[in-house]
Protein chains: 2
Amino acid sequence: MLERADRLAALVAERELDCFLVSDLVNVQYLTGFGGTNGACICGAEVRVFLTDFRYTERAETEVEGWDVVTVKDDWLGGMAERLVGKVGFEDHHMSVRAKSKLEEKLADGVSLEGAGGTVEKLRRVKDEAELAAITAAAALADEAWGWALERGLAGRTELDVARAVEAWMREQGAEPSFPTIVAAGPNGALPHAEPGEREIGRGELVVFDMGAKLDRYCSDGTRTFATGEPGEAAREIYEIVRGAQAAALTAVSAEARAEDVDTVARERIAAAGYGETFGHGLGHGVGLEVHEEPRVSQRSEDVLAAGEVVTIEPGIYLAGELGVRIEDLVVVTEDGHRNLSRLPKDLQLVD
Amino acid sequence: MLERADRLAALVAERELDCFLVSDLVNVQYLTGFGGTNGACICGAEVRVFLTDFRYTERAETEVEGWDVVTVKDDWLGGMAERLVGKVGFEDHHMSVRAKSKLEEKLADGVSLEGAGGTVEKLRRVKDEAELAAITAAAALADEAWGWALERGLAGRTELDVARAVEAWMREQGAEPSFPTIVAAGPNGALPHAEPGEREIGRGELVVFDMGAKLDRYCSDGTRTFATGEPGEAAREIYEIVRGAQAAALTAVSAEARAEDVDTVARERIAAAGYGETFGHGLGHGVGLEVHEEPRVSQRSEDVLAAGEVVTIEPGIYLAGELGVRIEDLVVVTEDGHRNLSRLPKDLQLVD
């Protein structure tokens, strides 16, 4: 984990900064290992300072190795300010306007702040072995959760009942949902971010089931669309278009691929089938400590994929008032392709 | 709910602003009723504009009454900017430095931003009848949850098992925890923000059990310290000091009371008993849509209580390596005192 701070320190030097103030808690967690709810850290060539408050002193001393742990008493921003030197990179995409202005008032002469938000997020893109192991375990647990939920059955239950029960099962396994589970049947499937509701899942419906587990701090994310019995020819046709687009996009994933191009592969397949307008979201996103992080896989992305990144590939077709289909895998980018962490079958499953 | 926007508009006029941009999602929810994850609103004398993205258009049309619902396509900040006029109050305690700077680039000539964060939080302090009903219901559910957990038993289980089980029970009732439940037994009780761990709860230990439910968007918060059988004379003595301090502080609660003075009542009782140094946190805080909100009840607070505010009263004594005691009620401030929403007994309960 100390190697992460070294990589940040190298970027700090490259940008001719004297140190970097990390205030975003997820970034702090990534760099230091701290898992509490209040912390910040300062990183430079010779500086590794971690700040927290009295509630977390003991915890920080256990979790945070290789950083000087400082407990700030009353004046949080003052505690930061007195440890900053020279030209300080700060997370301008995270720090509030008010906090920055108060922090500036407390800086010593000659100390200045320079917006450099997004720096740690870039470091977080490529996962190390321990991170990949955690994400792989989270994805495997989610696969088990789908198995459990299907065995219990979908048809005749409400979406909310299915979602709550599978989340309870995950918690019994010591995990938690990495985001609120989506169970969206029939016409509800046409809402890409539907909340599970009191509607009873019928027979012969498509059910979009989007779920992730969080285990040992790391997230998974995946989607399958199931059919509660034969859904009919039209639904099957839509399903196969999405399935083909998803498979094609997967073959486009590899180190050096432009994320936009991977998105284009799926988008063109769906457009060629006449459903271009119905695929209204990006193809995918990075997953790690957060369920949505860099890189972005979309038409607006300028990211180039690299080996060790973990991204979702999740095209969909949404027909308002009728149905939705989304198929999402979580994959590790490799030098010459990808390693798929999602093990559930992708041919249309007829389930109870 | 529209009356909330009117109150904000009155403050906007009072401060000689032309409109107010609300970007903090909880504040947006308070003003508009919107429950999704991306929204903002603009409020002025004649303006009620609610902005969201395509994912939530349908939901907003159901939930958000009395506001013009606008779906912003690609450029979120641009969508805000084109609807702002004159001198605009904005939430500088929430908006990031980068977002503000990008927003400013998009503003028309003659439009300017003025930091006014905290304005909606002040409106949120005094609860209306519907809010009080929701908080009362959440507190009642939490009381039931304690009952359920005690019936199941504490001694011989791990803290984590007790916490997970009671949270699962809450979710079965359609609620969720308003914060991660604290179950801290024996020496762990001395950590005010302990995370429940794998330590088995013994017999004759004090167990700090801090829990809240979130129901219909509103939170509760409360703590009881139980004994798993006779904890001994020393523990009982500490318990009674905290209980006395808590009771004394409750009698000091009423509209017009200075929050600092209420804190002082409890703090002096604990100090007089010789444990002043061990009560290292504030006496309480407001509770509503968030489990920690205004007003603050502490030595650093400048708040004056008002009828309809909902606050916790939660003194504690923490003896490192030995034990902790905290007793916390959730109360509604009334003209001449308070109404207690916490119904569990406060004499020391010997439990299984």
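As the structure is a prediction and not an experimental result, all values here were calculated from the model. Residue numbers start from 1 in every chain, and the chains themselves are labelled A, B, ... in the order their sequence lines are given, proteins ahead of strands.
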*Asks:* What part of B:H93 gets closer than 4.5 Å to chain A, counting heavy atoms only: side chain, backbone, both or neither?
*Replies:* both

*Asks:* Return the minimal non-hydrogen interatomic distance between A:V97 and B:S96, and the atom names on each side.
*Replies:* CG2-O, 3.8 Å

*Asks:* If we define contacts as heavy-atom pairs under 4.5 Å, which of B:R164, B:K100, B:E167 has the most with chain A?
*Replies:*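 Of the options given, most contacts go to B:R164.
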
*Asks:* Report the option among A:G36, A:G117, A:A168 that has the most heavy-atom pairs separated by less than 4.5 Å from atoms of chain B.
*Replies:*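 With the most close heavy-atom pairs to chain B, the winner is A:G117.
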
*Asks:* Taking ring-ring contact (aromatic ring centres under 6.0 Å, His included) as the test, write out the residues that go with B:F20, two or more places apart.
*Replies:*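 Listed in chain order: nothing, the list is empty.
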
*Asks:* What's the separation between atom CG in B:L191 and atom CZ in A:R59, rounded to the nearest 0.5 Å?
*Replies:* 11.0 Å

*Asks:* Which pair of heavy atoms, one from A:R98 and one from B:G118, lies closest together, and at what distance?
*Replies:*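 Minimum heavy-atom separation between A:R98 and B:G118: NH2-N, 4.5 Å.
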
*Asks:* Measure B:D161 against the heavy atoms of chain A and call it side chain, backbone, both or neither at under 4.5 Å.
*Replies:*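 B:D161 has no heavy atom closer than 4.5 Å to chain A.
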
*Asks:* Under the rule for ring-ring contact (aromatic ring centres under 6.0 Å, His included), what residues qualify as partners of A:F34, not counting sequence neighbours?
*Replies:*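 ring-ring contact (aromatic ring centres under 6.0 Å, His included) list for A:F34, sorted by chain: A:F50, A:Y56.
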
*Asks:* What part of A:E195 lies closer than 4.5 angstrom to a heavy atom of chain B: side chain, backbone, both or neither?
*Replies:*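 Side chain of A:E195 only, per the 4.5 Å heavy-atom cut-off to chain B.
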
*Asks:* Given a strict heavy-atom distance threshold of 4.5 Å, which part of A:R171 is in contact with chain B: side chain, backbone, both, or neither?
*Replies:*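 Interface part for A:R171: both.
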
*Asks:* B:E58 versus chain A, heavy atoms under 4.5 Å apart: side chain, backbone, both or neither?
*Replies:* side chain

*Asks:* How long is the span from the CG atom in A:D53 to the NE2 atom in B:H281, to the nearest 0.5 Å?
*Replies:* 12.5 Å

